[in-house]
Each structure stands twice: as C-alpha cells, then as structure tokens.
Amino acid sequence: MEVSTIKFDRFKPLADDACDGRIVAAKKALGKRAVILGHHYQRADVYKHADLTGDSLRLSKLAAQTDAEYIVFCGVHFMAEVADILSKPHQKAILPDLSAGCSMADMANLAKVERAWREIGEVLDPEEKVTPITYINSAADLKAFCGEHGGIVCTSTNAREILQWAFARREKVLFFPDQHLGRWTGYLMDIPLSEMLVWDPDEPMGGLTAQQIKMAKVLLWKGHCSVHQMFQAQHVLRWRQQNPSGMVISHPECNFEVCKLSDYVGSTDFIIKTVAASAPGTRWLVGTELNLVNRIAEELKPQGKIVQFMAPTVCMCSTMARIDPQHLAWSLENLVAGKVVNQIKVPPHEAELARIALDRMLAVS
Ligand code: 13P
Ligand code: SF4
C-alpha cells in the first residue's frame, strides 16, 4: 500500500524546542537504519542531534563508510550530493530542506566552466596542460566535469596535496569556484601571486589575454563565500592591538590578507581541534561561521579560553541555517512512516564521472 507523505505544514508552526522530543523519538524508532551527519556550521538545536559531525572531507568519508539505509544530511546540497555519489546503491541521501544550498557553489555552473575550457582551448590544449580542480563546494555536474577531464575534487583540508597531485600531471590548474582557497593554497606552495590570475566567467576569455593565459600557473575562478568575505584585515589588526598576545585562526575561504594576518589557517575541523588543544587562558579571534564560533566559545569557556568572532556584524551561513528542527523532525517522521522525502539523487552518468574525481581525491587524502 502506498504510504502518503506527512505534510511539512504540520511542522511549520512548531516551536524549535517542541521538535526536540519528536526528533529523539524518530531517531529511536529508526535505530541503525538512519544516520544523521552534521556539518560544524549547523545551528546548535540541530547539531546536537547529529550522530557524526565533521568538515566536508570527514563527512564525505563518513558517508562512504556508513551502512545506514538513510543518510540524513544536516548540511548543504552539495554535501548531500557527495553522500549520494559515495554511498552504496541501496542507501538514500536526504537533505531535510531542499533550499539549503551554498551561495559559493552557485558561482560556477557547468555552462560557464565548459565555456572557460573552450576559451582556454583557443590558446593552448587544456587536456594536455590544465587540470581542472573543483572545490567540494560545487554541484555534482562540475565534479563530473573534473572526472571526465583528468581533474579532481579538493576540500579545505587537502587542497595543498590536491594541487601537488595536479602539478605532477599537468603544468596549469583551473581552480573553481573559490578564488581564495585556490590563491592561499598556491601561495603556500610558493607560486607567485603574479602567476595566479583571476578568471572572470562573465568576461570573454575570463577577462585575460592569450599571453596571460599562457603564463598563468593557476587560473582562479572569480567566486567567493558570502560569509567569509565579511572578515577583513582591519578586524584582525584592530583585535591584535587590543589583544597583543592573542591568536588568530581563519578558514581558507577568507581573503588573502586575512589569511596572511592569521596565525593559523585551516578547515572547520582544524579550527576546532587547534583552539581546543591550546593552553588554558588563550584568547582567540576566529574567522569562520558564527554557529561554529559560538559553540566552541561556550565549550571552551570553562578552560578560561576566550573565543571571539572576527566580524563586528552577525554573519551566519543562512543556507546552512535552513536545516532547522522543524525540517529535521519532518524528514525523520516521514522515514519512520516509510516515506522518503527530499532524497538527493544525482543522475547515474553524472554520478559515475563525479565519483572518478572524488575517488581521486580520497586516494590522495
Ligand atoms: P570545511 O570543509 O572546512 O568544513 O568547509 C566547508 C564550508 O563550506 C566552509 O564554508
Ligand atoms: Fe557555502 Fe559559504 Fe555557507 Fe560554506 S559558509 S556552505 S562556502 S555559503
């Protein structure tokens, strides 16, 4: 008998804490059939329900390892796509709210990347000279593009090893969609800034001359994260004046100046572990999403650590925040009733090619 979907309308009016007990009960009813994966930027009242948490790399590995029938992803769309691609055929990846996207991922799309590839091809043979690298914050079809064209996926954790992998094969890299992660990683590898040029997808030939394309070692897609762009060098400089012995740690999606002024730069996992491992009493300025910063600030307060957010304004990842207790309770209760809602399913051909690029990444890191 066909089971009908429980409508979300019934969950919309519920208060956040009224969803709590329902989420716990649904998880209990599902037992080992469901695993909830949670990214570090999830809001506290969702994060606490995650069975496993991590940065993008760790969550990809966890998705590939779990045997649960349902992988409920409290994160954003590209993460649930990766879970679908890396999981086994009988497993289903679920995103509790389909509008939880990533504004950075949306800054590159297949038509624009294919056009860039064609335009580069007017100057040199990209299949011989250019490795396409997509940051994991991208749609599955861009990962498929990389799989098809000798390219690879990277995350904020492994970007350096991935660039090394790429340069061992071809002399140039086309890095999308985050220019900042690409530039910072290239800088750490001693690539001069003058050899890392921005490719503007809205300009013919990326806004570059044939000569510039020929001499560039890294072509950096003109994309960024709307959250991390809020952190500015002046915030670090002002804080350092007031906290001369304090430490600064940032995510590599921050701009180059912020990364350069930071004591440490790394993924969300790296940030959490580094701050947690510091000496009691240390003061920290952290350049990444607010939910993560608030959480570690609370957790580490008893150790006398003072953890502060880098920007003076509130800047949260609004798309991550779309996964709220109401949507989590709704998707879990549907699973208990035998109905799969919001399944993320990458078309088979695309998934096959994207998996090539993801497997290359997992083999390297
Ligand atoms: P991490 O892989 O470091 O968790 O980063 C994901 C992300 O979207 C940062 O904005
Ligand atoms: Fe995307 Fe930025 Fe949100 Fe990360 S913080 S998911 S890069 S919009």
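All ligand and atom numbering here is 1-based and tracks the order in the structure. Keep in mind it's a predicted model, so treat the numbers as computed, not measured.
Both the backbone and the side chain of Thr268 come within contact range of ligand 1, each with a heavy atom under 4.0 Å. Under 4.0 angstrom from ligand 2, the non-hydrogen atoms of Glu253 all belong to its side chain. The side chain of Asn137, and not its backbone, has at least one atom closer than 4.0 Å to an atom of ligand 1 (non-hydrogen atoms only; side chain from C-beta on). Proximity of Met104 to ligand 1, defined as any heavy-atom pair under 4.0 Å, is not found for any part of the residue.
Nearest protein heavy-atom contact of atom 2 (O) of ligand 1 is Ser56 OG, 2.8 Å. Counting protein heavy atoms only, atom 9 (C) of ligand 1 is closest to Glu253 OE2, 3.1 Å. The protein heavy-atom contact nearest to atom 1 (Fe) of ligand 2 is Cys102 SG, 2.4 Å. Closest to atom 8 (S) of ligand 2, if we only count protein heavy atoms, is Ser103 OG, 3.5 Å.
Of all atoms in ligand 1, listed by their number and element, those nearer than 4.0 Å to a heavy atom of Ser267 are 3 (O). For ligand 1, the atoms closer than 4.0 angstrom to any heavy atom of Ser156 are 1 (P), 2 (O), 3 (O). In the vicinity of Tyr41, heavy-atom distances shorter than 4.0 Å reach the ligand 1 atoms 7 (C), 9 (C), 10 (O). Within the listing of ligand 1, atoms 1 (P), 3 (O), 5 (O), 9 (C) sit less than 4.0 angstrom from a heavy atom of His251.
Taking all heavy atoms of Ser226, Cys315, Cys225 into account, the minimum distance to atom 2 (Fe) of ligand 2 is reached by Cys225. Checking Cys317, Ala321, Gly223, Ser318 against atom 3 (Fe) of ligand 2, the nearest heavy atom belongs to Cys317.
Side-chain contact annotation: Lys305 with Gln303, donor-acceptor N/O pair under 3.5 Å present. A donor-acceptor contact closer than 3.5 angstrom is absent between the side chains of Ser267 and Asp269.
Summarising the local packing, CZ of Phe8 is surrounded by more than 12 heavy atoms from other residues, nucleotides or ligands at distances under 6.0 Å. In Lys88, the NZ atom is crowded: over 12 heavy atoms of neighbouring residues, nucleotides or ligands sit closer than 6.0 Å.
Salt bridge annotation for Lys112-Asp200: absent, with no cationic side-chain nitrogen under 4.0 angstrom from a carboxylate oxygen.
For Phe270, the closest heavy-atom approach to ligand 1 does not fall below 4.0 Å. In this structure, Glu289 falls outside the shell of residues with a heavy atom less than 4.0 angstrom from ligand 1.
Separation of the His327 and Phe11 ring centroids does not fall under the 6.0 Å cut-off. You'll find the ring centres of Trp117 and Phe145 inside the 6.0 Å limit.
None of the N, O or S atoms belonging to His228 lies under 2.8 Å away from atom 2 (Fe) of ligand 2.
Across Ile94, Val340, Ile6, a single residue satisfies side-chain contact (heavy atoms from CB on, under 4.5 Å) together with Asn334, and that is Ile6. Of the candidates Leu124, Thr131, Ile120, Leu124 is the only one forming a side-chain contact (heavy atoms from CB on, under 4.5 Å) with Lys172. Screening Asn291, Asp55, Thr288 for a side-chain hydrogen bond (donor to acceptor under 3.5 Å, both in side chains) involving Tyr41 leaves a single residue, Thr288.
The same ILVMFWY cluster, assembled from side-chain heavy atoms under 4.5 Å apart, contains both Ile85 and Val153.
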